[in-house]
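In each ligand, atom 1 is the first atom listed, and ligand 1 is the first ligand listed. Computation of the quantities below employed the complete heavy-atom set of this structure, encompassing side-chain atoms and omitting hydrogens, waters and symmetry-equivalent molecules.
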Amino acid sequence: MANDILFGPEQKKLHVGIIMDGNGRWAQRKGLPRFMGHREGAEAARKIIETAPTLDVGTLTIYAFSSDNWNRPPREVATLMNLFRTYLYKEVNNCIRNGIRMSIIGRRDRFDESLLEAIDHAETETQKGSVLHLRVAVDYSARDAILRAALQLNTSQEISREVFSRLLGEEKYTGVHVPDVDILIRSGGEKRLSDFLLWECAYAELFFSNKMWPEFTSGDFSEIVNQFSKRERRFGRVHETAVV
Ligand code: FPP
């Protein structure tokens, strides 16, 4: 399958995960309702997605709604769900034009029919995209995702990190390999993982920005990728030239 090659284990392209935090505070600081922060946040996300392939990013996973976000006021939840639906329909043509394959990760059993249709439409229409794999995490919890993958394991198969990663990345359904996260970015000034890609981030380099998500620019993204390229990743080993 073509995508196996482009997104396969040998791919040298980066996987970036982003926790887009700070929409609400951005709006509140400007005296605006919180939903306007989410709307601006969607605009910021659009620009980051457009920039990703130019920075050699092959997989981009963005955290749009955590499973714990259902506990927000019902009006905010409804606004976010409407925003996701509109966004999915609006961005499909852009994605097709730019070779972006869109996947939604997380639970689906709590979405209404109209959102499920939008997801199905976006995933089907963009499935040939081979430049960037955009994964939007909605009703997502890393711990739940790990549990769901664990339930698929059976003792007659080899149980290894690789096998588990493939189950977690749903490779058997999509044919698309999801590599470990190289760069994890969180905007909004907080420094926590909030149940996002816990398995996939085992060796991720972490970057925190004090900017609220709607203020986060392509320049900030590019600067982080540049800083990442200067970090030494040892994956638990010592440097070859080290005296032992
Ligand atoms: C966290 O900010 C953000 C969210 C819960 C929603 C993220 C959604 C978007 C950026 C919209 C984009 C959607 C797509 C599909 C690209 P917060 O509300 O927790 O901010 P706060 O910490 O300041 O309250």
Inset, instruction - Test the Arg231-Phe207 pair against the cation-pi criterion, namely NZ or CZ under 6.0 angstrom from the six-membered ring centroid and within 45° of the ring axis. - result: yes
Inset, instruction - Taking atom types as modelled, find out whether Thr51 and Ser218 have a side-chain donor-acceptor pair closer than 3.5 angstrom. - result: yes
Legend entry - Taking atom 13 (C) of ligand 1 as the reference point, the nearest protein heavy atom with its distance: Phe84 CE2, 3.7 Å
Legend entry - Point-to-point distance, once rounded to the nearest 0.5 Å, from CZ of Arg108 to CD1 of Ile119: 5.0 Å
Inset, instruction - For Arg110, look at atom CZ and say whether over 12 heavy atoms of other residues, nucleotides or ligands are found less than 6.0 Å away. - result: yes
Inset, instruction - For atom 21 (P) of ligand 1, find the nearest protein heavy atom and state the residue, atom name and distance (0.1 Å precision). - result: Arg25 NE, 3.6 Å
Inset, instruction - Among all protein heavy atoms, pick the one closest to atom 1 (C) of ligand 1 and tell me residue, atom and distance. - result: Met20 O, 3.3 Å
Legend entry - Polar atom proximity, Trp26 to ligand 1 (N or O, under 3.5 Å): no
Inset, instruction - Could you find the nearest protein heavy atom to atom 6 (C) of ligand 1 and give me its residue, atom name and distance? - result: Ala64 O, 3.2 Å
Inset, instruction - Provide the number and element of each atom of ligand 1 under 4.0 Å from a heavy atom of Ala42. - result: 11 (C), 12 (C)
Inset, instruction - Assess whether atom CZ of Arg161 is packed by more than 12 heavy atoms of other residues, nucleotides or ligands within 6.0 Å. - result: no
Legend entry - Heavy-atom nearest neighbour of atom 11 (C) of ligand 1 within options Arg39, Arg29, His38, Gln28: His38
Inset, instruction - Please verify whether a non-hydrogen atom of Gly188 lies at under 4.0 Å from ligand 1. - result: no
Legend entry - Separation of Glu117 CD from Phe111 CZ (nearest 0.5 Å): 14.0 Å
Legend entry - Where ligand 1 meets Ala45 - atom numbers and elements under 4.0 angstrom, heavy-atom basis: 16 (C)
Inset, instruction - Please could you name the atoms of ligand 1 that Asn69 approaches to less than 4.0 Å, counting only its heavy atoms? - result: 5 (C)
Inset, instruction - Give a yes-or-no answer on whether the side chains of Ser66 and Asp68 include a donor-acceptor pair shorter than 3.5 Å. - result: no
Legend entry - Sub-4.0 Å heavy-atom approach of Tyr87 to ligand 1: yes
Inset, instruction - Would you confirm whether Arg233, through its side chain, and Tyr203, through its main-chain N or O, come within 3.5 Å as a donor-acceptor pair? - result: yes
Inset, instruction - Answer yes or no for Arg34: is there a heavy-atom contact with ligand 1 below 4.0 Å? - result: yes
Legend entry - Closest protein heavy atom (residue, atom, distance) for atom 22 (O) of ligand 1: Asp21 OD1, 3.0 Å
Inset, instruction - Verify, without hydrogens or angle tests, whether Trp26 (side chain) and Gly37 (backbone) share a donor-acceptor contact under 3.5 angstrom. - result: no
Legend entry - Minimum-distance protein heavy atom relative to atom 9 (C) of ligand 1: Asn23 ND2, 3.6 Å
Inset, instruction - Taking only heavy atoms of Arg72 into account, list the atoms of ligand 1 that are under 4.0 Å away from them. - result: 5 (C), 17 (P), 18 (O), 19 (O)
Legend entry - Ser194 versus Arg186, side-chain donor and acceptor atoms under 3.5 Å: yes
